[in-house]
> 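Take a look at the following structure, please.
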2 protein chains.
Amino acid sequence: MLRAAVDIADKGGIESLTMRRLAEVLGAEAMSLYYHVANKDEVLDGMVDVVAQEINEVVAGIDAAPAGGEWTKAMRARILAAREVLLRHPWAPWVFETRTTASPVVLRYYDAVVGLMRDAGFSYDLAHHALHALGSRVLGFTQELFDPGGEPSDAEAADMPEDIADQLPHLAGMLAEVGHDDPDSTLGFCDYQSEFEFGLDVILDGLDRLREGA
Amino acid sequence: MLRAAVDIADKGGIESLTMRRLAEVLGAEAMSLYYHVANKDEVLDGMVDVVAQEINEVVAGIDAAPAGGEWTKAMRARILAAREVLLRHPWAPWVFETRTTASPVVLRYYDAVVGLMRDAGFSYDLAHHALHALGSRVLGFTQELFDPGGEPSDAEAADMPEDIADQLPHLAGMLAEVGHDDPDSTLGFCDYQSEFEFGLDVILDGLDRLREGA
DNA sequence: ACCTGAACACCGTTCAAGT
DNA sequence: ACCTGAACACCGTTCAAGT
């Protein structure tokens, strides 16, 4: 049932996941679901468990590799592996954010993350701050809002009108330059993967410096 | 109308904002709204404009202060001021995230942010990376997921069952220590404001170091 | 130009009733 | 123990009709 729910969301987006559709895919006749589950939120709870379980399985194979390496390497590999799982489930960030109770499977992931930092010499206090600083990045995603200086929106397209460009001189300048440097970004799209890694490295480096100073 | 929509969301949460309720508050009889607006998304678009406008007004007064100071001070003050506005509109983060088109008012905010970095010697390229690294933090919020090691959930409460604590040794240890240090966090709540500032400073410091190295 | 009532196509969910 | 049909209370939205 959870597997079916994940499939629906993967294929048609999270908004296409309705109780009626889920029952249909399962062959059941609609409202039978409520015998097995209290409400739709419980389905969503189960779906984050599925994704978190997937992440835990993937990182289990990763952790062995950078055994002698620095902790930032291990953390980086772990987070990027988690990100790959997340990219297969584009609805997952939204569902993660809307959950109010902590899934035990997610807690297991966080426990391993704290363990990794502890092994690297972090105090519990600093590890706690570190989790907050990383935020959702520790699970491999960030919310992209409207993508500053990247979207091919009417206000930022290459043919940005003169009068609007005058009102936003710095964005116009930035777009012109960033757009020119990278042939793939002429349409204004950013490379989300490398931007994610950039931000991640800034934070990991900063945390490592704090670890050394402590 | 937008003001009324913001009021409803402020008081009853974003889920209490329905077209019928909005019309009721406005004195109109329900479906008249569709003469002035194409659909509900257009209302939500307008609401982020209201909030962004509020932010722009607040930061306009802030920017003058740290004139001779370092850019990180000015950026920090700007972002924390934006955060105060956001805290008055708890629904705003969710609405910001769901928008697909960039509001001109938000673009104005980002333009000023890029301008601030340009004045500090940032290249357009680094400023672009910086925006991505800051993500939603530049507007004053982060998504808190389930709050690692903080929520008074059944799995993490002070009376965490022995068997669960055994499965999550690092989280249990962290919770015990962090919970003890701060008398206000005995219930497991984190101080979101100081965690926000911690993460923000990590990123700003890291960006400043990259600026110097460039 | 502006508003309205009735209706449509959808939700999640309840509940009494079936096997 | 498990499933179902009919119904309820809500959505956003359409549309023909009013002033």
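Chain identifiers are assigned alphabetically (A, B, ...) following the order of the sequence lines, protein sequences preceding nucleic acid strands; residue numbering begins at 1 within each chain. Nothing here was measured: the structure is a model prediction, and the numbers come from that model.
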> Rounded off to whole Å, could you give me the CG-to-C1' distance for the Leu26(B) and dT4(C) pair?
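In whole Å, dT4(C) C1' and Leu26(B) CG are 15 Å from each other.
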> Counting the atoms with a prime plus P, OP1 and OP2 as sugar-phosphate, which does Ala28(B) contact under 4.0 Å by heavy atoms, base, sugar-phosphate, or nothing?
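Sugar-phosphate: the residue Ala28(B), judged by heavy atoms under 4.0 Å, touches backbone atoms but no base.
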> Classify the ring geometry between Phe141(A) and Phe96(A) as parallel (under 30°), tilted (30 to 60°) or perpendicular (over 60°).
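Tilted, since the angle between the ring planes falls between 30° and 60°.
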> Any strand is fair game: report the nucleotide pairing with dT13(D) by Watson-Crick or G-U wobble, both distances under 3.5 Å, or none.
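Its partner is dA7(C) (Watson-Crick or G-U wobble, both distances under 3.5 Å).
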> Determine, for Arg88(B) against Asp10(B), whether the closest basic-nitrogen to carboxylate-oxygen distance falls under 4.0 angstrom.
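No.
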> When the nearest nucleotide of DNA chain D is assigned to Met31(A) and to Arg20(B) on a heavy-atom basis, which residue is associated with the more 5' position?
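Nearest nucleotide further toward 5': that of Met31(A).
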> Could you state the atom-to-atom distance from CG of Leu44(A) to C1' of dC11(C) in whole Å?
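Distance, rounded to whole Å: 14 Å.
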> Between Ala38(A) and Ser16(A), who's closer to the 5' end of DNA chain C by nearest nucleotide?
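Its nucleotide being nearer the 5' end, the pick is Ser16(A).
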> Taking only the side-chain heavy atoms of Glu29(A) (C-beta and beyond), determine which of dG12(C), dG5(D), dC3(C) contains the nearest atom.
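For the Glu29(A) side chain, the nearest candidate turns out to be dG5(D).
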> To the nearest angstrom, how far is Glu24(B) atom CD from dG5(C) atom P?
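About 14 Å, once rounded to whole Å.
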> Distance alone, cut at 3.5 Å: any donor-acceptor contact between the side chains of Glu177(B) and His128(A)?
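Judged by distance alone, the side chains do not pair up.
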> dG12(C) C1' sits how many Å from Tyr34(A) OH, rounded?
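For the pair Tyr34(A) OH and dG12(C) C1', the rounded distance is 5 Å.
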> Met19(B) CE to dA7(C) P: how many Å, rounded?
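Met19(B) atom CE is separated from dA7(C) atom P by 21 Å.
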> Please report the distance, rounded to the nearest Å, between CG in Leu17(B) and C1' in dG12(D).
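From Leu17(B) CG to dG12(D) C1': 12 Å.
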> Provide, to the nearest angstrom, the distance between the CG atom belonging to Leu33(B) and the P atom belonging to dG12(D).
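To the nearest whole Å, that distance equals 10 Å.
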> Hey, does the side chain of His36(A) come within less than 4.0 Å of dA1(D)'s phosphate (OP1/OP2), counting only N and O?
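Negative; the distance criterion is not met.
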> Working to the nearest 0.5 angstrom, can you tell me the gap between Leu200(B) CG and Thr142(B) OG1?
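Separation between the atoms: 10.0 Å.
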> Taking OP1 and OP2 of dC2(C), is either one under 4.0 Å from a side-chain nitrogen or oxygen of Ser32(B)?
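Indeed not, no polar side-chain atom of Ser32(B) lies that close.
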> Nearest-Å distance, CG (Asn39(B)) to P (dC15(D))?
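Taking atom P of dC15(D) as the reference, CG of Asn39(B) is at 14 Å.
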> Please determine, for dG18(C), whether a Watson-Crick or G-U wobble partner exists with both distances under 3.5 Å, and give it or none.
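Base partner found: dC2(D).
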> May I ask you to test the Gln193(B)-Leu87(B) pair for a side-chain heavy-atom distance under 4.5 Å?
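The answer is yes, as the side chains (C-beta and beyond) meet within the 4.5 Å cut-off.
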> Select from Gly27(A) and Tyr35(A) the residue whose nearest nucleotide in DNA chain D is closer to the 5' end of that strand.
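Residue closer to the 5' terminus by nearest nucleotide: Tyr35(A).
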